[in-house]
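Note sheet for the following structure.
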There are 2 protein chains.
Amino acid sequence: MDPVRRPRGRPRKPVLLESAGLGPRRGLHDQAVERLRALIVAGTLPAGAALVETELSAALGISRTPVREALKLLAVEGLVELRPNRSPRVAELRADAVTELFEAIAAIERAAAELAAGRIGPAELERLRRLQAEMEAHHAAGDLAPYFALNQQIHALIVASARNAPLREAHEALHARAEIARRRALDRRGRWDESVAEHRAILAALEARDAERAGRLLADHVGHTGAALLAGLAGPDTKPDAA
Amino acid sequence: MDPVRRPRGRPRKPVLLESAGLGPRRGLHDQAVERLRALIVAGTLPAGAALVETELSAALGISRTPVREALKLLAVEGLVELRPNRSPRVAELRADAVTELFEAIAAIERAAAELAAGRIGPAELERLRRLQAEMEAHHAAGDLAPYFALNQQIHALIVASARNAPLREAHEALHARAEIARRRALDRRGRWDESVAEHRAILAALEARDAERAGRLLADHVGHTGAALLAGLAGPDTKPDAA
DNA sequence: TTGGCATGAATTGCATGCAGAGCACCAAAA
DNA sequence: TTTTGGTGCTCTGCATGCAATTCATGCCAA
């Protein structure tokens, strides 16, 4: 036996950099949520993959406890399926689930746009205008890459402008799954032109503080996006066939 | 030293009754979520109360691990506030949060009603009619007690009839906090008459499969309820003064 | 060959140990 | 008397150990 009492856990660095550094550095379970979510959204952990606690904890360099907590939280988000006494799996995203997902997002964004029309402030409107201008510039230049990040920022900003925490949280919770659908629908160029124009109309409705129109336009826009993604999901399996 | 290797954990009963009993008996963390949620909603654990892991685990007769997991999940629901390295607290429910909460519920139920108008089946419609009849019977008899349970069943059934899992989950997640507001607003009789009539109108719109009207009526109904609760919350603090 | 059961490996679920963060209280200095 | 530094306690966060459950494999019997 070893009478020497040494620390059992792997030596954690004393975390002096807590506030000294830049990041607020939350707990390990929180970091685990983010890293696992990124891996799932990126497809590195493909749908249906078994998420074995010991493997994940080894891969992330942490113990099983925070991994378990992270998996439970990701299950709430719908990214992971928990099965009693079995390894959780990365949730499958079937076509009908994508339909429901975009219906739900459209519903939330419609309500958010209606509220935002009455509550959005000058600074937020200005930021929206700038994002829209950026998006149009990239569009004119034929530069597709920044579109998706800008698109997400615009939608998030509109929801934030509604100043309603539960709606915003529900929206965020659905975002990761929507992103998975976006990444899987390879042909994303098709709706680019339409989408930019729709965004312009939505911005105009918000500037006019026309709640009903803003809500309807945004809900339709999300619906169109969902339908386009759905078509993109159905297609690629049948071999694009072209070079 | 004790060479005898006896089980460390407290002896768990071998759970033969797993399927033999009545309940499907999920994990302890799941039961902990439900019990804690019930305690918070009932006000037994009042807003602002510190939730010390060791106390809860002792009170529930389980170890800290499932308690910790339960607290994280309740935090996602907004019932509990997590603070790094400090005891979680039961979340306060301020007036503006109640306003946002009912805005969000109204948004979700409006969308659900619109979808349900096109998707609700005969069995669900029949069940809605029966619930409405029950509610009217209790109303006619002046029997307030069953109103709240029936009310919740009706709303839940409408949302379920929309056949949209993300919307339903978002709705469920908001329900506990709304229930807290309901319990705190003591004067609930005020809106009883109106509420029953509004439910009748909503049912009629669903039967007519008028999506826009069903959505608008339901959203207005939820908005009225929220406003009434808000008024009820503002009042009681000022001493009811009566016996 | 095939069906049924036993055996065992893999894995979850829960309990518990240990280090560090945060807070309260007290003492000493200004 | 007020403020500052110290000291100890409490509690969280993470790591790890152990039993129960599940799935796969193989053996035996029909």
Side-chain angles (χ1 to χ4, degrees), chain A residues 1-21 24-33 35 49-75 80-90, chain B residues 1-21 24-33 35 49-75 80-90:
Chain A
M1 299 304 252
D2 185 2
V4 176
R5 308 292 295 169
R6 63 197 163 71
R8 281 199 313 168
R10 87 186 213 292
R12 282 181 283 174
K13 77 172 62 172
V15 202
L16 302 173
L17 63 164
E18 263 300 37
S19 54
R25 277 300 172 280
R26 288 99 62 242
L28 292 185
H29 62 92
D30 220 343
Q31 299 174 237
V33 167
R35 294 182 61 181
L51 298 169
V52 179
E53 293 178 3
T54 54
E55 290 175 9
L56 294 179
S57 68
L60 298 178
I62 61 182
S63 82
R64 286 174 51 214
T65 305
V67 170
R68 285 176 58 76
E69 295 176 350
L71 289 174
K72 292 242 177 5
L73 296 178
L74 291 171
V80 161
E81 282 172 16
L82 255 36
R83 300 167 310 164
N85 287 317
R86 281 210 263 308
S87 297
R89 313 185 68 116
V90 177
Chain B
M1 301 297 258
D2 185 3
V4 176
R5 307 294 293 171
R6 63 194 163 73
R8 278 203 312 168
R10 85 188 216 292
R12 282 182 281 174
K13 74 174 62 172
V15 203
L16 302 173
L17 63 162
E18 261 302 35
S19 55
R25 278 298 174 280
R26 288 99 63 239
L28 293 186
H29 62 92
D30 221 344
Q31 299 175 238
V33 168
R35 294 182 60 182
L51 298 169
V52 180
E53 293 177 5
T54 54
E55 291 175 7
L56 294 179
S57 67
L60 298 177
I62 61 182
S63 81
R64 287 174 50 216
T65 304
V67 170
R68 285 176 57 76
E69 296 176 348
L71 289 174
K72 292 244 174 6
L73 296 179
L74 291 171
V80 161
E81 281 171 17
L82 255 37
R83 301 168 310 164
N85 286 317
R86 284 210 255 318
S87 296
R89 313 184 69 116
V90 177

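In what follows, chains are A, B, ... by sequence order, proteins preceding strands, each numbered from 1.
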### Query
Between A/R86 and C/dT11, is there a side-chain N or O to OP1/OP2 distance below 4.0 Å?
no
### Query
Could you state the CD-P distance from A/E53 to D/dA15, rounded to the nearest angstrom?
13 Å
### Task
Could you check if a side-chain atom of A/L51 sits within less than 4.5 angstrom of a side-chain atom of A/L74, using non-hydrogen atoms only?
no
### Query
Just how far, in rounded Å, is C1' of D/dC11 from CG of B/L82?
14 Å
### Base C/dG13 to side chain A/R64, donor-acceptor N/O within 3.5 Å cut-off
yes
### Query
Just by distance, do the side chain of B/R83 and the backbone of B/S87 share a donor-acceptor pair under 3.5 Å?
yes
### Message
Quick check: closest heavy atoms across B/V67 and B/E53, and the distance to 0.1 Å?
### Response
CG1-O, 4.3 Å
### Message
Can you identify which nucleotide, out of D/dC11, C/dT12, C/dA21, has its nearest atom closest to the A/N85 side chain?
### Response
C/dT12
### Query
Does the side chain of B/L73 come within less than 4.5 Å of A/L73's, by heavy atoms?
yes
### Query
Does A/S87 have a side-chain nitrogen or oxygen under 4.0 Å from the phosphate oxygens OP1 or OP2 of C/dT12?
yes
### Task
Taking all heavy atoms of B/P88 and all of B/L71, pick out the closest pair and write down the distance.
CG-CD1, 4.0 Å
### Which nucleotide in C/dT12, C/dA15, D/dC14 has an atom nearest any side-chain atom of A/H29
D/dC14
### Query
Could you give the CZ-to-P distance, from A/R83 to C/dG13, as a whole number of Å?
11 Å
### Message
Nearest whole Å is fine: how far is C/dT12 P from A/E69 CD?
### Response
15 Å
### Query
C/dT16 P sits how many Å from B/I62 CD1, rounded?
12 Å
### Message
Any side-chain N or O of B/R68 below 4.0 angstrom from OP1/OP2 of D/dG13?
### Response
yes
### Message
Please classify the nucleic acid contact of A/L51 as base, sugar-phosphate, or nothing, using heavy-atom distances under 4.0 Å.
### Response
sugar-phosphate
### Message
Rounded to whole Å, please give me the gap between CD in B/E55 and P in D/dC11.
### Response
7 Å
### Summary
Taking for B/T65 and for A/P84 the nucleotide of DNA chain D with the nearest heavy atom, the one nearer the 5' end belongs to B/T65
### Message
Among C/dG13, D/dT12, C/dA15, which nucleotide has an atom closest to any side-chain atom of B/S63?
### Response
C/dA15
#### Entry: Gap between atoms CG and P, on B/L60 and C/dC14 respectively (whole Å)
13 Å
### Query
Between B/D30 (CG) and C/dG13 (C1'), how many Å, whole number?
13 Å
